[in-house]
Number of protein chains: 2
Amino acid sequence: MKMFKIPEATVSRLSVYSRFLSKLDKKGIITISSGEIAEGVGVGAAQVRKDLAYFGEFGTRGVGYNVKDLHQHILKILGLTTSWPVVVIGAGNLGTALCLYDGFRERGFNIVAMFDVDPLKIDKEIEGITVYSMEKLGDIIKEKEVKMGVIAVPAEYAQQIADLLVKNNICAILNFAPAVIKVPEEVQLRNVDLSVNLEILTFNIVNNVKNLY
Amino acid sequence: MKMFKIPEATVSRLSVYSRFLSKLDKKGIITISSGEIAEGVGVGAAQVRKDLAYFGEFGTRGVGYNVKDLHQHILKILGLTTSWPVVVIGAGNLGTALCLYDGFRERGFNIVAMFDVDPLKIDKEIEGITVYSMEKLGDIIKEKEVKMGVIAVPAEYAQQIADLLVKNNICAILNFAPAVIKVPEEVQLRNVDLSVNLEILTFNIVNNVKNLY
DNA sequence: CCTAAATTGTTCAATTTTTCACTATTATTT
DNA sequence: AAATAATAGTGAAAAATTGAACAATTTAGG
Ligand SMILES: NC(=O)c1ccc[n+]([C@@H]2O[C@H](COP(=O)([O-])OP(=O)(O)OC[C@H]3O[C@@H](n4cnc5c(N)ncnc54)[C@H](O)[C@@H]3O)[C@@H](O)[C@H]2O)c1
Ligand SMILES: NC(=O)c1ccc[n+]([C@@H]2O[C@H](COP(=O)([O-])OP(=O)(O)OC[C@H]3O[C@@H](n4cnc5c(N)ncnc54)[C@H](O)[C@@H]3O)[C@@H](O)[C@H]2O)c1
């Protein structure tokens, strides 16, 4: 790969483009211009072209992009041409909601197991997904070749769960706990912090920030 | 307010600082330096000082920041000195998980009502929060002076719910549906897109992106 | 009281990201 | 076949963000 350092914002937009293209494809639309993509996802047309230009030339000048084609290219770029087995740690309200959610499967993410410490939850099944005790974590990660883990335990345990995942050679962690956790630099970490999102909104309200879309 | 355009990243870091300070305060810690905050939340010390500098001078040179004091200042900046009534639209798995979650209340967000179209869910209570039919939305927003709405309905209905919220004078929307929705520029909108987050991780894994923390 | 250590606030430089404007290419029309 | 219109790709400019360096201020110790 010609890794020229891709802005993270670019990657997240690619993910959005991809979903938009998928919708267009289902509607049977064959070609689309950068301007129409831009309009559809709420960014600038130059931005769309620049984002794609990091990875190659996917369009035809004067014509636009072939929807199916571009979609496939983006899926490839994002690593979504294969399925990703995922484990969820914490079978509470959030963990359960994630398990019941179809949207992940549609994008190639497969929750293969949940884990919890609560004896009442262990060995139960949620939508066909078994909740295991924590001792099984290592075995299942190895057996199912799991690369990604989702942390949905209370914040005070988030770091220890992260450590455990790291010890079991997980490559990436999505953390929902409102905690700052540290992992070795070779492990990918993203935090989804819902309070932060709400608080950006309150900040904007009280400071009367004009949207700039 | 001396609105010099605050980077959104700054606002989200303020939210994280605030939680960190709250933890320190509970531990009885009186003063802290920018370097320690930086260490605690995983950013640079200069970044911390720069973020705060947008809003005033809160520290004492040679000494650091008073924890309680700084915390109060940040809460004020974020608009968290008053409680925010919130409505959640969509009493499904995610909406329910959000309702059961204490973390929001702790930060001053109060879910005052949920809304759904499913007759089986309407009039049920979840953790003391009633699920109302959609017709009640306007009345309750007005009555409870709700400024923020959370969208937790399937993607295909997200736009119409957003429109409805806007029509009822909501100020800010947090959208969980994987849909691009449009609102007037005076309405604050944030999207929490979990698939995007997972896909940034897969991108990083397959492209071997080194973390830079 | 003076000096040294600590640490903030701030300026300025570096970097990153976005936007703009232009060039090249393709398709279509006359 | 030439002219026109549409639109991708791209390099340069602009804007936004981060990072490093340092001057200013406070406290503590001799
Ligand atoms: N529910 C939400 O809407 C929501 C929103 C934002 C953030 N979060 C965060 O997500 C996390 C989970 O939230 P939740 O609402 O599902 O909480 P929850 O209490 O419903 O579930 C937590 C689960 O983790 C399990 N658990 C506790 N310690 C564990 C450990 N050491 N190892 C394995 N499992 C353990 C518990 O048994 C429980 O089943 C929390 O950190 C919360 O702050 C939740
Ligand atoms: N569950 C998750 O973990 C998860 C994760 C990421 C994103 N999301 C997104 O969040 C949204 C909700 O997900 P969910 O898992 O809770 O789905 P869900 O199907 O469990 O719940 C959706 C709820 O919305 C209600 N609803 C449908 N149309 C409505 C309308 N027009 N007005 C009011 N209510 C309506 C339904 O009756 C249902 O109760 C979806 O857009 C989903 O893609 C969910």
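Note: hydrogens, waters and symmetry copies are ignored here, and every other heavy atom, side chains too, is used. Note that the structure is predicted; figures quoted are calculated from it, not measured. Sequence lines set the chain letters: A, B, ... in the order given, protein chains first and strands last, and positions in each chain run from 1.
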CG-CD1 distance between A/Asn175 and A/Ile161, expressed to the nearest 0.5 angstrom: 10.5 Å
Sugar-phosphate, base or nothing in reach of A/Ala45, heavy atoms under 4.0 Å: nothing
Steps toward ring-ring contact (aromatic ring centres under 6.0 Å, His included) verdict (A/Tyr65, A/Phe58): CA-CA 7 Å; A/Tyr65 302 90; A/Phe58 306 121; 7.8 Å; no
Sugar-phosphate, base or nothing in reach of B/Gly64, heavy atoms under 4.0 Å: sugar-phosphate
Pairwise distance NZ(B/Lys68) to CG(B/Asp25) - rounded to 0.5 angstrom: 3.5 Å
Sugar-phosphate only, base, or nothing, as touched by B/Gly59 at under 4.0 Å among non-hydrogen atoms: sugar-phosphate
Any B/Tyr54 side-chain N or O less than 4.0 Å from OP1/OP2 of C/dT10: no
Distance (rounded to the nearest 0.5 Å) between B/His73 NE2 and B/Leu14 CG: 12.5 Å
Spacing between A/Leu52 atom CG and C/dT18 atom C1', to the nearest angstrom: 15 Å
Short side-chain N/O contact to D/dA8 OP1/OP2 from A/Lys50, under 4.0 Å: no
A/Gln47 vs C/dT19: side-chain N/O to OP1/OP2 distance below 4.0 Å: yes
Phosphate-side-chain proximity, A/Ser34 and D/dA8, N/O vs OP1/OP2 below 4.0 Å: yes
Phosphate-side-chain proximity, B/Tyr65 and C/dG9, N/O vs OP1/OP2 below 4.0 Å: yes
Atom-pair distance (CD on A/Glu57; P on D/dG11), nearest Å: 11 Å
Whole-Å distance separating the CZ atom of A/Phe58 from the P atom of D/dG9: 8 Å
Separation of atom CG in A/Asp51 from atom P in D/dA8, rounded to whole Å: 14 Å
Length of the CD1-P vector between A/Ile37 and D/dG9, whole Å: 10 Å
d(CD, B/Glu39; C1', C/dT7) in whole Å: 17 Å
Rounded distance in Å - NZ (A/Lys5) to P (D/dT17): 15 Å
5'-most by nearest nucleotide on DNA chain C - A/Thr10 or B/Ile32: B/Ile32
Gap between atoms CD and P, on B/Glu8 and D/dT17 respectively (whole Å): 9 Å
Worked check of salt bridge (charged side-chain N to carboxylate O under 4.0 Å, His left out) between A/Asp193 and B/Arg19: CA-CA 11 Å; A/Asp193 195 317; B/Arg19 220 164 36 209; 2.4 Å; yes
Sequence-distant partners of B/Arg61, side chain to side chain contact (heavy atoms under 4.5 Å, CB included), two or more places apart: none
Side-chain donor-acceptor pair present, B/Thr31, B/Asn66, cut-off under 3.5 Å: no
Base-contact (B) and sugar-phosphate-only (S) positions in nucleotides 22-30 of chain D, heavy-atom cut-off under 4.0 Å, - elsewhere: --BBBS---
